[in-house]
Amino acid sequence: MKDIICQLFEQRFGKEYRIYAAPGRINLIGEHTDYNGGFVFPGAIDKYMMTAIQPNGLDKVRVESVDMKDYCEFGLREEDAPTQQWARYIFGVCREIQKRGFLVKGFDAVMAGRVPLGAGLSSSAALESCFAFALNDLFNEGKIDKFELARIGQSTEHNYVGVICGIMDQFASIFGKEECLMRLDCRSMEFEYFPFKPAGYRLVLVNSKVKHELVDSPYNKRRQSCENVAKVLGVETLRDAEMDDLEKIKGSISEEDFMRARYVIGEKQRVLDVCAALERGDYETVGERMYQTHWGMSRDYEVSCEELDFLNNIAKSCGVTGSRIMGGGFGGCTINLVKEERYEAFVAAVMDQFPKKYNVRPEIIPVVISNGAHREA
Ligand code: GLA
C-alpha cells in the first residue's frame with residue numbers, strides 16, 4: 001500500500017512528502033456506551049489508513065483516493081465543502097482544526113486504506129485520525145494534544161458526516177498501543193492500557209459482508225432514546241443510572257426507550273466485569289459477557305441483523321468462548337474469542353454454513369493489536 005501511494009504521489013505532485021498512518025479498531029466489549037458516558041474497551045488493529053502528504057503553498061487541498069479511484073480539490077473555507085463523501089471527511093478534519101484556532105494550509109495528498117469499509121472496524125475514524133495527526137505535525141508542530149485530535153475526528157462525524165457518534169473510535173485510532181486494549185471512561189476520559197495476549201486463545205473477526213453504514217442508519221435514533229431516558233431520570237447520561245432507577249420510571253417512558261436503556265445500563269457493568277475477569281485470567285467470564293452483549297444488542301438495542309445472529313449461533317454451537325456483534329451494528333463483523341483448539345472447526349463451520357444460507361462468503365479477519373496514529377516516513 002505504501003508503495004502505491006508513494007508512486008502515485010511522485011507522479012502527480014513530486015518527490016517530497018511525508019507518510020502518516022492511523023488504524024481501525026476492535027472493541028472487546030462496551031458498545032454504545034461511549035455517548036452514554038460509560039466505559040469502552042477498544043484496541044487499535046494492524047489495518048491502517050495511510051497518506052503521503054505535503055504542503056503545496058496554495059490555498060487549496062488536492063487529494064487523490066486510491067481506493068475510491070477519485071480525485072478532489074477543495075478550498076479551506078466553510079463554503080468550500082466538497083461533494084464527494086470520502087473527501088468530506090478530510091475537509092471536516094481541516095475545518096475542525098481551524099475552528100480550534102490551529103493552522104491548516106493547502107496541501108497535496110494521496111491516500112489508501114486497508115481497513116475494510118463498512119465492516120464496523122472504523123475506517124472513517126482511521127481516515128480522520130490519519131489526517132488530524134498529519135496536519136497537526138505538518139502545520140502545528142504537534143501542539144494539538146491527542147485527546148483534541150480524537151475530538152477533531154469526532155466533531156467531523158457530527159458536523160460534516162451526520163453521525164452523532166461517541167469518542168471511542170477516534171480515541172482508539174489515536175491512542176492505540178501494541179498488544180494492549182484500553183479501558184476508557186468516556187465520562188472522565190481517564191484510561192488505562194490493558195496488556196492483552198490471552199495465551200491459548202485467538203481473537204478473530206468474521207465479516208458478514210452485510211454493509212454497515214452508520215450514515216442514515218438508526219444510530220442517531222438510538223442515541224436519542226438514551227438521552228430521552230436520561231432526561232426523565234434527571235441524570236446527565238445513563239452512566240449515572242442503575243437498573244432500579246430504570247424500573248421505577250418504566251411506566252413513564254416508551255417500551256422502546258426502556259429496552260435501549262436496559263441494554264446500556266447492563267453493558268456498563270459488563271465492561272467492568274470483563275476487566276476484572278481479565279485481571280485474573282478468567283476468559284470464560286469474558287466470553288460469557290460477550291454473548292450477553294450480543295443478546296442485548298440484538299434484542300434490546302436492536303442493532304443486529306439476521307446474518308449476525310446466525311454467526312453468533314454458529315460460534316455458540318462450536319464452543320467458541322465469546323462472540324458478539326462488534327461496533328455500531330446494523331451489519332459488519334462479529335468478534336470472537338476462540339480457544340486455539342476450536343479455531344479450525346469454527347472457521348470451517350462458518351465457511352460451510354453461512355454461504356449455504358445467505359449465498360455470501362463471509363471473510364475471516366485475523367487482527368493484531370497495534371499502535372495508534374503515527375508518522376511512517
Ligand atoms: C460506532 C461509533 C462509536 C460507538 C460505536 C458503538 O462505532 O462511532 O462512537 O458508539 O459505534 O459502540
Side-chain angles (χ1 to χ4, degrees), residues 22-45 47 49 89 92 115-129 132 147 150-176 181-187 189 191 205 207 211-227 237-239 260-261 263-268 270-271 274 289-290 293-294 296-298 300-305 308 324-335:
R25 61 104 189 89
I26 55 159
N27 184 29
L28 187 63
I29 198 152
E31 223 64 88
H32 291 276
T33 43
D34 55 358
Y35 54 81
N36 285 299
F39 299 98
V40 292
F41 209 176
I45 55 174
K47 316 254 175 284
M49 293 298 303
Y89 288 96
V115 190
L117 302 183
L121 299 181
S122 297
S123 52
S124 55
L127 175 57
E128 291 146 8
S129 301
F147 279 114
R151 286 196 196 98
I152 284 167
Q154 183 192 21
S155 305
T156 298
E157 294 281 346
H158 290 194
N159 300 328
Y160 297 91
V161 182
V163 180
I164 314 299
C165 65
I167 194 70
M168 168 169 76
D169 305 349
Q170 292 79 7
F171 164 82
S173 184
I174 294 280
F175 282 87
L181 297 179
M182 297 164 281
R183 185 182 70 187
L184 171 69
D185 178 336
C186 298
R187 184 171 62 185
M189 291 305 280
F191 74 100
L205 306 180
N207 187 358
K211 263 286 186 227
H212 145 117
E213 185 61 85
L214 291 187
V215 186
D216 296 331
S217 82
Y219 181 93
N220 295 347
K221 222 177 139 215
R222 295 296 181 280
R223 183 172 182 149
Q224 189 57 55
S225 284
C226 297
E227 286 169 6
T237 63
L238 290 181
R239 164 69 177 273
R260 309 302 187 236
Y263 162 75
V264 170
I265 295 171
E267 185 71 351
K268 175 175 73 171
R270 284 189 287 273
V271 182
V274 161
R289 293 295 179 274
M290 290 170 75
T293 293
H294 184 89
M297 287 179 83
S298 177
D300 270 352
Y301 220 61
E302 296 184 292
V303 292
S304 186
C305 59
L308 287 161
R324 66 176 194 82
I325 176 175
M326 192 184 72
F330 312 104
C333 291
T334 58
I335 178 168

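Both counts, for ligands and for their atoms, begin at 1 and track the order of listing.
- Residue contact check: G166 has heavy atoms under 4.0 Å from atoms 9 (O) of ligand 1.
- Distances between N or O atoms of D169 and those of ligand 1 include at least one value under 3.5 Å.
- Under a 4.0 Å heavy-atom criterion, R25 is in contact with ligand 1.
- Note: an N/O pair closer than 3.5 Å links H32 and ligand 1 by distance alone.
- The shortest N/O to N/O separation between Y219 and ligand 1 falls below 3.5 Å.
- Of all the heavy atoms in I29 and V271, the pair that sits closest is CG2-CA, 3.9 Å.
- When only interatomic distances are considered, the shortest N/O to N/O separation between E31 and ligand 1 falls below 3.5 Å.
- Annotation: side chain of L205 is not in contact with side chain of T334 (no heavy-atom distance under 4.5 Å).
- In terms of polar-atom proximity, G327 is not counted as a contact of ligand 1, lacking any N or O under 3.5 Å from an N or O of the ligand.
- Aromatic pair F191/F39: ring centres not closer than 6.0 Å.
- Side chain of N36 to main chain of G38: no donor-acceptor pair is present (N/O by atom type, distance under 3.5 Å, no hydrogens or angles).
- Distances below 4.0 Å separate heavy atoms of Y35 from the following atoms of ligand 1: 10 (O).
- Atom numbering of ligand 1 starts at 1 in the shown order; those under 4.0 Å from a heavy atom of D34 are 3 (C), 4 (C), 9 (O), 10 (O).
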Derivation and outcome, salt bridge (Lys or Arg N to Asp or Glu O under 4.0 Å), residues E302 and R222
CA-CA 9 Å; E302 296 184 292; R222 295 296 181 280; 5.4 Å; no
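- Legend: residues meeting ring pair (Phe, Tyr, Trp, His ring centres under 6.0 Å) with H294, ordered by chain and number and at least two apart, are absent.
- Note on ring orientation: taking the six-membered ring where Trp is involved, the planes of H32 and Y263 are perpendicular (angle over 60°, cut-offs 30° and 60°).
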